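Order of the sequence lines fixes the chain letters, A, B, ..., with proteins taken first and strands second; residue numbering starts at 1 for each chain. All values reported here derive from a predicted model rather than from experimental measurement.
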Amino acid sequence: MKIATFNINGVKARLPAVLDWLDESAPDVALLQEIKSVDEAFPREPFEDRGYNVETHGQKGFNGVAILSKLPLEDVARGLPGDDSDEQARWIEATVVGEAAIRLCGLYLPNGNPSPGPKYDYKLAWMERLLTRAQDLLSDETPALMAGDYNIIPQAEDAARPDAWRDDALFRLESRNAYRRIVNLGFTEAIRARHPQPGLYSFWDYQANAFDRNDGIRIDHVLMTPQCADLMRDCGIEAEVRAKEKPSDHVPVWVDLAA
DNA sequence: ATGGCGCGGATACCGCGA
């Protein structure tokens, strides 16, 4: 089962590019971030025409996450637990049943800039809630993954110019510490585990020809529970998607599971 | 590269992203 995560930066603006990607890459499951659409306006039909079940958790203008799956999705839940007053649509989860049942969590972690400030406080508070959900997933001792746009550069080797990000919310020490605490609970981060070499990126800014200069960062991650990591056959980053017509600034990251 | 580029939702600019 091929499971991909992709921050599409607006489903309406990205529809042709996302459909082309689905036709070429043919993931069984796609976890989408930044759909920037309310649920009622999400263009379900072209995805359903391609055989995908569609579950969305949208909001007006910003954020928004979705799951596309060729297999049925069960027990769909929306919103990261831990703060009923949080109205930002950044978390969706569901179970997909193939050869094995996998709990899928799609996430769009807050950017946090400028830091310090209230947006950075929100990012760190959100990561505390993510830690709690992550602990519960591990306690289940079943195959599960948390995939999406983490807005975290985990280590210096995950940025072409780490010094340029030193004081940014994506790379500040507190951000990296919070992320590492979650990973170190017992998750396997797919790309680090299988492709540990530096220079693999998942985001390139639209400005200043960043992609042509490979001035990128790796901020889209797939974290797997031990039971899920045991199923991983391969994983990769589809950097070539960034060179296509009217691209997102992110590219898809995928894992292939024996499931 | 203290400048850029792109999206959405409000209007002929702004908030936001990373």
Item to check | Between A/Asn53 and A/Ser69, a side-chain donor and acceptor under 3.5 Å | outcome: no
Checklist entry - Rounding to the closest angstrom, what is the interatomic distance between B/dA1 and B/dT11 at atom P? => result 39 Å
Next on the checklist: Distance check, C1' atoms only: B/dG4 and B/dC16, in whole angstrom units.
Outcome noted: 15 Å
Next on the checklist: Just the rounded figure in Å: distance from P of B/dG17 to CD1 of A/Ile8.
Outcome noted: 17 Å
Checklist entry - With respect to the phosphate group of B/dA18, does any side-chain polar atom (N or O) of A/Tyr120 fall under 4.0 Å of OP1 or OP2? => result no
Checklist entry - Is a side-chain N or O of A/Arg78 found less than 3.5 angstrom from the main chain of A/Ile92, in a donor-acceptor match? => result no
Item to check | Pairwise C1' distance, B/dG15 and B/dA10 [rounded to whole Å] | outcome: 10 Å
Checklist entry - Across the strands shown, which category fits A/Asn63 at heavy-atom distances under 4.0 angstrom: base, sugar-phosphate, nothing? => result nothing
Item to check | A/Asp167 CG - B/dT2 C1' separation (whole Å) | outcome: 14 Å
Next on the checklist: Taking only the C1' atom of each, what is the distance from B/dA18 to B/dC5 in whole angstrom?
Outcome noted: 12 Å
Item to check | Geometric cation-pi criterion, A/Arg166 with A/Phe171: 6.0 Å, 45° | outcome: no
Item to check | Exercise: identify the closest heavy-atom pair between A/Asn7 and A/Glu34 | outcome: ND2-OE1, 3.1 Å
Checklist entry - Within less than 4.0 Å of OP1 or OP2 of B/dA18, is there a side-chain N or O belonging to A/Asn113? => result no
Checklist entry - Contact class for A/Asp168 (heavy atom, under 4.0 Å): base, sugar-phosphate, or nothing? => result nothing
Checklist entry - CG of A/Asp163 versus P of B/dA18: gap in Å, rounded? => result 22 Å
Checklist entry - Can you tell me how far the CG atom of A/Asp168 sits from the CG atom of A/Asn113, to the nearest 0.5 Å? => result 4.0 Å
Item to check | Those residues that, when tested against A/Asp212, pass salt bridge (Lys or Arg N to Asp or Glu O under 4.0 Å) (two or more places apart) | outcome: none
Checklist entry - Of A/Arg161 and A/Phe203, whose nearest nucleotide on DNA chain B comes first from the 5' end? => result A/Arg161
Item to check | Nearest-Å distance for atom pair CG/P, residues A/Leu109 and B/dC16 | outcome: 18 Å
Next on the checklist: Students often get this wrong, so: under 4.0 angstrom with heavy atoms, is A/Asn7 touching a base, only sugar-phosphate, or nothing?
Outcome noted: sugar-phosphate
Item to check | Gap in Å between the two C1' atoms, one belonging to B/dG8 and one to B/dA12, rounded | outcome: 15 Å
Checklist entry - Distance between the P atoms of B/dG3 and B/dC7, in whole angstroms? => result 24 Å
Item to check | Contact state string [nucleotides 4-13 of chain B, B base, S sugar-phosphate only, - no protein heavy atom under 4.0 Å] | outcome: BBSBSSS---
Item to check | All salt bridge (Lys or Arg N to Asp or Glu O under 4.0 Å) counterparts of A/Arg103, not counting sequence neighbours | outcome: A/Glu93
Next on the checklist: B/dA18, OP1 or OP2 - any side-chain N/O from A/His250 closer than 4.0 Å?
Outcome noted: yes
Next on the checklist: Main chain of A/Ala169, side chain of A/Ser175: is a donor-acceptor contact present, judged purely on distance under 3.5 Å?
Outcome noted: yes
Checklist entry - Rounded to whole angstroms, how far apart are NZ on A/Lys119 and C1' on B/dG17? => result 9 Å
Checklist entry - Which part of the nucleic acid, if any, lies within reach of A/Phe211 when heavy atoms closer than 4.0 Å are counted: base, sugar-phosphate only, or nothing? => result nothing
Item to check | Between P of B/dA18 and OH of A/Tyr201, the distance in whole Å | outcome: 18 Å
Next on the checklist: Can you measure A/Asp215 atom CG to B/dG3 atom C1' for me and round it to whole angstrom units?
Outcome noted: 14 Å
